[in-house]
Amino acid sequence: MHYADGKTTPCLNVLPSQVHGCSDLNTSAFIQRMIQAGKPNLIVFTGDNIFGFEAKDSAKSLNAAFSPAIAAGIPWAAVLGNHDQQGTLSREGVMKHIVGLKHTLSQFNPSEAHIIDGFGNYNLEVGGVEGSGFANKSVLNLYFLDSGDYSTVPSIPGYGWIKPSQQLWFQRTSAKLQSAYMRPAMAKKSFAPGLVYFHIPLPEFASFDASNFTGVRQEGISSASINSGFFTTMVEAGDVKAVFTGHDHLNDFCGQMTGIQLCYAGGFGYHAYGKVGWSRRARVVVASLEKTDEGGWGAVKSIKTWKRLDDGHLTAIDEQVLWSKNLIPKV
């Protein structure tokens with residue numbers, strides 16, 4: 001969102017006809033439109049929630065940035081980007097403030113991980129339908145990680161990355177959830193799918209070209225200058241079906257690699273850099289449950305996605321199936 005000071009903060013990279021009166025409030029209005037159109041069960045904010053450099057009071061900016069979700073009473077979750085901490089709150093302070101806001105499911109860090117890098121590493125479990133065989137199980141696992149801001153190693157330039165301590169927490173959490181889902185033994189044929197959210201894209205996002213992704217790539221992949229191996233860690237875990245990042249505002253594609261969809265959403269905020277004439281946009285993700293032979297609800301059968309543009313019609317584009325229980329992924 002790159003939210004700063006509300007109505008006094010101008011829009012960037014919009015048409016000349018849009019400049020007058022355009023501000024952070026246009027970002028808020030877009031969130032409200034998305035909520036009214038989609039009535040989501042959960043809203044995820046993938047970092048650079050505020051643009052710290054230009055926020056006079058980071059706490060007030062955070063309150064304003066998330067206010068549409070809070071006012072709607074919809075559960076929401078957030079991770080940190082590389083600009084959130086550049087104002088009056090430290091990175092730790094930003095995450096502490098976020099977890100204190102109403103209706104958020106964001107967590108500061110996992111209680112079981114005594115030593116872990118970053119702030120805002122946590123997971124959420126989406127429970128199965130009450131009365132079904134999945135009532136006490138998580139049928140969809142959401143993982144949130146802090147991908148850092150900038151390298152703290154002098155010999156390594158550029159952006160931050162997901163560290164070994166975070167990867168270890170992810171591995172242990174994924175294994176624990178898979179074990180719980182598969183009990184009693186042989187009751188389920190496959191693991192519950194997992195989705196992962198963080199801000200800075202992995203180097204693997206650069207593996208695609210227009211022939212093997214859905215969406216557009218209009219700028220370079222601004223990943224860390226080293227590869228910390230998190231993509232391999234996710235492949236080994238076996239449950240991750242899709243990754244969602246922010247950071248590169250002019251990219252909005254999804255591409256599949258080794259069974260995992262790597263997705264951008266495209267720029268959302270009006271005070272974030274964009275491209276004149278290219279609409280701000282948001283990604284919608286829908287998980288559908290299968291019907292059992294008895295007529296009840298079972299496990300997740302498919303995960304679909306599309307984007308909505310902040311135009312006159314909230315136009316939906318690029319609908320695609322990210323994962324289906326009955327499809328063998330291309331490798």
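Just so we're clear, the structure is a prediction, and the values are computed from it rather than from any experiment.
- At least one side-chain heavy atom of L262 sits under 4.5 Å from a side-chain heavy atom of F231.
- A 6.0 Å sphere centred on CG of L15 holds more than 12 heavy atoms belonging to other residues, nucleotides or ligands.
- Here the shortest heavy-atom pairing between S228 and W161 reads CB-CD1, 3.6 Å.
- Of the possible donor and acceptor atoms, one in the side chain of N49 sits under 3.5 Å from a partner among the backbone N and O of V79.
- The ring of Y143 has its center no closer than 6.0 angstrom to the ring center of Y197.
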Passes side-chain hydrogen bond (donor to acceptor under 3.5 Å, both in side chains), Q261 versus K241? Steps please. CA-CA 6 Å; Q261 295 276 358; K241 308 306 176 189; over 6 Å; no
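- The number of heavy atoms from other shown groups lying within 6.0 Å of NZ (K291) is above 12.
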Show the numbers, then the answer: is there a side-chain hydrogen bond (donor to acceptor under 3.5 Å, both in side chains) between Q166 and D117? CA-CA 6 Å; Q166 298 167 280; D117 287 278; over 6 Å; no
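- A 4.5 Å side-chain heavy-atom check between S222 and Y159 finds at least one atom pair inside the cut-off.
- Note: the hydrophobic cluster containing L168 does not contain I162 (ILVMFWY, side chain heavy atoms under 4.5 Å, direct or indirect links).
- L177 and I116 end up in the same hydrophobic cluster when Ile, Leu, Val, Met, Phe, Trp and Tyr side chains are linked at under 4.5 Å.
- For residues 277-290, the set of pairs meeting the side chain to side chain donor-acceptor pair (under 3.5 Å) definition, not counting sequence neighbours, comprises D252-R281, R283-T305, E290-K325.
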If you apply the rule ring pair (Phe, Tyr, Trp, His ring centres under 6.0 Å), what do you find for F66 with Y3, and how did you get there? CA-CA 10 Å; F66 297 121; Y3 204 97; 9.2 Å; no
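- The shortest side-chain heavy-atom distance between P193 and I303 falls under the 4.5 Å cut-off.
- The ring of F268 has its center closer than 6.0 angstrom to the ring center of F30.
- In this structure, the side chains of N82 and H199 come closer than 4.5 Å at one or more pairs of heavy atoms.
- Linking Ile, Leu, Val, Met, Phe, Trp and Tyr whenever their side-chain heavy atoms come within less than 4.5 Å puts W323 and L140 in one cluster.
- Ring centroids of F213 and F253 are separated by less than 6.0 Å, placing the two rings close together.
- Geometrically, K96 does not engage F119 in a cation-pi contact, judged by NZ or CZ lying under 6.0 Å from the ring centre and within 45° of the ring axis.
- Among residues two or more places apart in sequence or in another chain, the salt bridge (charged side-chain N to carboxylate O under 4.0 Å, His left out) test is passed with D239 by none.
- The six-membered or imidazole ring of H2 lies away from that of H271, with a centre-to-centre distance of 6.0 Å or more.
- Donor-acceptor pairing under 3.5 Å is lacking for the side chains of T9 and D5.
- For T104 (side chain) and W76 (main-chain N/O), a donor-acceptor pair under 3.5 Å exists by modelled atom type.
- A donor-acceptor contact closer than 3.5 angstrom is absent between the side chains of S90 and Q85.
- No more than 12 heavy-atom neighbours from other residues, nucleotides or ligands sit within 6.0 angstrom of CG on N41.
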Would S211 and D209 count as a side-chain hydrogen bond (donor to acceptor under 3.5 Å, both in side chains) if you check the C-alpha gap in whole Å, the side-chain angles of each, and the deciding distance to 0.1 Å? CA-CA 5 Å; S211 70; D209 57 44; 2.4 Å; yes
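- Note on ring orientation: taking the six-membered ring where Trp is involved, the planes of Y273 and H249 are parallel (angle under 30°, cut-offs 30° and 60°).
- One hydrophobic cluster, built from ILVMFWY side chains closer than 4.5 Å, cannot hold both V285 and L309; they sit in different ones.
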Side-chain donor-acceptor pairs under 3.5 Å in residues 122-131, sequence neighbours left out?
unit_1 : atom_1 : unit_2 : atom_2 : d
Y122   : OH     : A78    : N      : 3.2
Y122   : OH     : A78    : O      : 2.8

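- L142 and V286 fall within the same hydrophobic cluster, where Ile, Leu, Val, Met, Phe, Trp and Tyr residues are linked whenever their side-chain heavy atoms come under 4.5 Å apart, directly or through other members.
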Starting from the C-alpha separation in whole Å, work towards a yes-or-no answer on side-chain hydrogen bond (donor to acceptor under 3.5 Å, both in side chains) for D24 and T27. CA-CA 5 Å; D24 278 335; T27 303; 4.8 Å; no
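- For the pair R33 and D310, the salt-bridge criterion is met [side-chain N within less than 4.0 Å of a carboxylate O].
- In summary, the side chains of N109 and N121 do present a donor paired with an acceptor at a separation below 3.5 Å, with no hydrogens or angles considered.
- With Y264 as reference, F205 is the one residue of F208, F205, F244 to meet the ring-ring contact (aromatic ring centres under 6.0 Å, His included) rule.
- Minimum interatomic distance between V94 and L80 (heavy atoms only, all atoms of both residues): CG1-CD2, 3.6 Å.
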